[in-house]
Amino acid sequence: MMGDRIRNHTLTLVAIFGLATFLWWANGNFDGYKIQIMNLIAINAILAVSLNLIYGFTGMFSLGHAGFMCVGAYVSSLLILPASQKEAIYILEPIIAPLHAAHAPFVVAVLLGGVVAAVFGLLIALPVLRLGGDYLGIATLGFGEIIRVFANNLVPITNGALGLKGIPGYANLWWNYGFMLFTFYVIIRIVNSNFGNALKAIRDDEVAAKAMGIDTYRYRVTSFTIGAFFAGIGGALLASLLTTIDPKMFLFVMTFQVLMIVVAGGLGSITGSIIGSVVITILLEWLRFVENPIIIGSFEIPGIPGMRMVIFSLSLVLIILFRREGLMGMRELTWDTLLSPFGKRGDVE
Amino acid sequence: MTLTMFVQHSLNALTLGSLYALIAIGYTMVYGILRLINFAHGDVFMLGAYFIFYAGALLHLPWMVGVVLAIILTSFCGVLVERAAYRPLRDAPRISALISSIGVSFFIENLAIVIFTGVPKPVVRPSWLVSIIKFHGVRILPLTIVVPLICLGLVAGLLFIVYKTKPGLAMRAISKDIETTRLMGVSVNKIISLTFGIGSALAAASGIMWALRYPQIQPLMGLIPGLKAFIAAVVGGIGSIHGAVIGGMLLGFVEIMIVAFFPALSGYKDAFAFILLIVILLLKPTGLMGEKIEEKV
């Protein structure tokens, strides 16, 4: 309905304006720690929504997200690091020729990080997506590991195990939330388009989709490449936010965290992934309390280092065992569902 | 490269290959029956190594008693994992069990970091296993002879169970068709538990011998060998026990020989397995010994 569409677009604009106001307020009033968490929420949302496109909407079980993030992070960091800083940190071997002078503005660097990650995604997708289901998971996991091994060994390019330090911290709230909205916009448009319908058909029944004349291989490759692009952007922003990166950062644990967000939010639900990013990022920070001593009355329970990740991984198992569909299932939170208790429903006339 | 060096490298490759093969069998058996990649299998392997360490360091048990105890405890853990995290998901989409196994894997690893601490622990090795013997100029660690022999014995025992006993028959039946097997009056859950028990016992044996070969154990030690053993299982043809052994040996030889012939590539050692995997999957997606799986409509 025309009226509903205009209303929904207006509400979306109002919500974005509200978010911007909140960011502006937070920038002035929150301490550094809270702002850091807010930044992490935005980056996690980018990563979760991009993995959801690959896994939740196209049904490809990919475990290679950390690899794409690694590519994006290194590409964009190398482009924004000042030449003097590069000279200072490449102790073992000097950086190779074209890279030592390469420089780009932040936004270009982040987008290029995404593009290079997408190229890697395409190169891995072309052979690997001929495989189905479980093999795909293992092959993409293997790819993530290969990227990490190369990052560790190509010392003249990546500075090896020492990693990159002193990356300019351009990724503030505005950049992160800006890129987050850009990601949402593109992926929501994709999911709601005809292309998205084909992806969902492939997810629900690949054989039937093929029988309906959908070139499943091409659709899968495209979806995987787009997912890799946004994973690269997420990695690039994370690098600038943390200002240091090294190959150890992109272990499988990184993919696991994103997977956890997607599963908790609901596979195949964009709003689920968004809510999941907020809840899990905050929960992970909040869980740090178990690693600090807790004082009840006169008793002191000593903190247990590492307990946070035990609880975190246990909760993933519990979610899968008891609420497999996650928070939202495949449903989306839309303006219509939000407003339905108040106004008349669109489908009831 | 001289002949003696080549013999030494071959023995090392045979040892490493045997260790991979024993872990790979566990993956292949579980996959054959449940079509599930048991990500937690590598961590069960790690538990085997820790149990033998504690049996010696904490309980001061004699070596052989410790080995038996460690194997029993590890297979108990393997069965427990199946009971708690996979059985409730038997009727769920397969991907749910896969995610559950990733969660369990992380859970065991992190719990191990909390309980055993992240500090690597030194394993005490019986001296007769590590006193070097010289044979025609080849320096041989008795371990590199013992490990392949034990592996051979275990695989022979396993093949006997799978092909000559009733539970083995049931296992093979389940891997063909789980529903029909259930209708035939086989208690499917018991057989699946047995499969996890046997697979975990073999992983424990591998973990113990791994701890002897590389006597520094730490909570994340199962991660990379586990992944590589899974790759060995896929390369050999998942679901096939022979395939798992062949894949394990192949991987052991590839890793040792590439580093031996091209020392400059040693930093990339962990990437070989994954490159081998991608190459094999492209050339022969069902693995070397695998059966062709038709896509059902």
Side-chain angles (χ1 to χ4, degrees), chain A residues 55 59 61 63 124 127-128 130-139 141-150 152-155 160-161 205-208 210-211 251-253 255-256 259-260 262-263 267 304-322 324-325, chain B residues 31 35-37 39 84-86 88-89 92-115 117-118 219-220 223-224 227-228 230-231 233-234 238 265-279 281-282 285-286 293 295-297:
Chain A
Y55 181 22
F61 189 56
L63 296 174
I124 187 76
V128 162
R130 301 223 175 260
L131 310 167
D134 308 337
Y135 289 125
L136 180 63
I138 280 292
L141 173 61
F143 156 76
E145 286 297 313
I146 293 174
I147 292 268
R148 214 170 49 76
V149 169
F150 275 76
N152 232 335
N153 285 286
L154 292 174
V155 180
D205 191 336
E206 188 171 350
V207 179
K210 215 179 263 176
L251 282 169
F252 181 50
V253 188
T255 309
F256 178 68
L259 182 69
M260 171 88 183
V262 174
V263 170
L267 285 169
I304 310 164
M307 203 58 197
R308 189 168 75 107
M309 288 310 287
V310 175
I311 297 175
F312 186 59
S313 43
L314 187 63
S315 38
L316 177 72
V317 178
L318 292 179
I319 290 174
I320 281 292
L321 287 180
F322 297 110
R324 217 181 307 144
E325 69 276 21
Chain B
Y31 193 90
R35 300 281 177 271
L36 164 73
I37 300 174
F39 270 96
Y86 305 153
L89 294 169
R94 282 200 300 131
I95 217 86
S96 303
L98 193 59
I99 298 176
S100 179
S101 81
I102 295 178
V104 170
S105 162
F106 269 82
F107 175 67
I108 298 179
E109 280 165 21
N110 288 302
L111 198 65
I113 291 176
V114 169
I115 297 176
T117 75
L220 298 183
L223 201 63
I224 295 289
L227 278 175
K228 285 184 185 164
F230 178 75
I231 289 172
V234 174
I238 197 139
L265 290 177
S266 59
Y268 295 93
K269 195 175 65 132
D270 285 343
F272 297 155
F274 294 105
I275 295 170
L276 179 70
L277 170 81
I278 292 177
V279 171
L281 284 181
L282 293 177
T286 51
I293 303 164
E295 204 163 346
K296 284 183 203 155
V297 180

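Protein chains get the first letters and strands the later ones, always in sequence-line order, with residue 1 at the start of each.
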So how far is it from [X] [atom1] to [Y] [atom2], rounded to the nearest 0.5 Å?
X        : Y        : atom1 : atom2 : answer
A:Ile138 : B:Leu98  : CD1   : CG    : 8.0 Å
A:Glu145 : B:Leu277 : CD    : CG    : 12.5 Å
A:Met307 : B:Leu111 : CE    : CG    : 7.0 Å

Closest approach of [X] to [Y] (non-hydrogen atoms, all atoms of both residues):
X        : Y        : answer
B:Asn110 : A:Ser313 : ND2-OG, 3.9 Å
A:Leu321 : B:Ala85  : CD2-O, 3.7 Å
B:Gly103 : A:Leu316 : CA-CD2, 3.8 Å
B:Gly267 : A:Val149 : O-CG1, 3.7 Å

- Select, from B:Ile113, B:Leu36, B:Ile99, B:Thr117, the one with the greatest count of heavy-atom pairs under 4.5 Å involving chain A.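 Winner by heavy-atom pair count: B:Ile99.
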
- Message: I'd like to verify something: which residue of A:Ala139, A:Ser315, A:Gly142, A:Ala208 has the highest number of heavy-atom pairs under 4.5 Å with chain B?
- Response: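 Looking at each option in turn, the highest pair count goes to A:Gly142.
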
- Task: Would you please name every residue forming a ring-ring contact (aromatic ring centres under 6.0 Å, His included) with B:Phe274, sequence neighbours left out?
- Result: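 Listed in chain order: nothing, the list is empty.
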
- Report yes if the side chains of B:Asp270 and A:Arg148 come closer than 4.5 Å at any heavy-atom pair, otherwise no.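 Not in contact.
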
Need one label for [X]: side chain, backbone, both or neither, based on atoms under 4.5 Å from any heavy atom in chain A.
X        : result
B:Leu227 : side chain
B:Ile224 : side chain
B:Ala273 : neither
B:Val234 : side chain

Please state whether the side chain, the backbone, both or neither of [X] comes within less than 4.5 Å of a heavy atom of chain B.
X        : value
A:Asn152 : neither
A:Phe150 : both
A:Tyr55  : side chain
A:Leu251 : neither
A:Leu259 : side chain

- Query: Step by step, would you call B:Phe39 with A:Leu63 a side chain to side chain contact (heavy atoms under 4.5 Å, CB included)?
  - Reply: CA-CA 12 Å; B:Phe39 270 96; A:Leu63 296 174; 3.8 Å; yes

- Start with the C-alpha distance between B:Leu89 and A:Arg324, add both sets of side-chain angles, then the distance that settles side chain to side chain contact (heavy atoms under 4.5 Å, CB included), and finish with yes or no. CA-CA 10 Å; B:Leu89 294 169; A:Arg324 217 181 307 144; 4.0 Å; yes

- Could you tell me if the ring centre of B:Phe106 sits under 6.0 Å from that of A:Phe252?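 Yes, they do, as the ring centres are separated by less than 6.0 Å.
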
- Check step by step if side chain to side chain contact (heavy atoms under 4.5 Å, CB included) holds for B:Ile37 and A:Phe61. CA-CA 12 Å; B:Ile37 300 174; A:Phe61 189 56; over 6 Å; no

- Message: Once side-chain contact (heavy atoms from CB on, under 4.5 Å) is applied, do any residues pair with A:Ile319, and if so which ones, sequence neighbours excluded?
- Response: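 Only A:Met260, A:Val263, A:Ala264 meet the side-chain contact (heavy atoms from CB on, under 4.5 Å) criterion with A:Ile319.
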
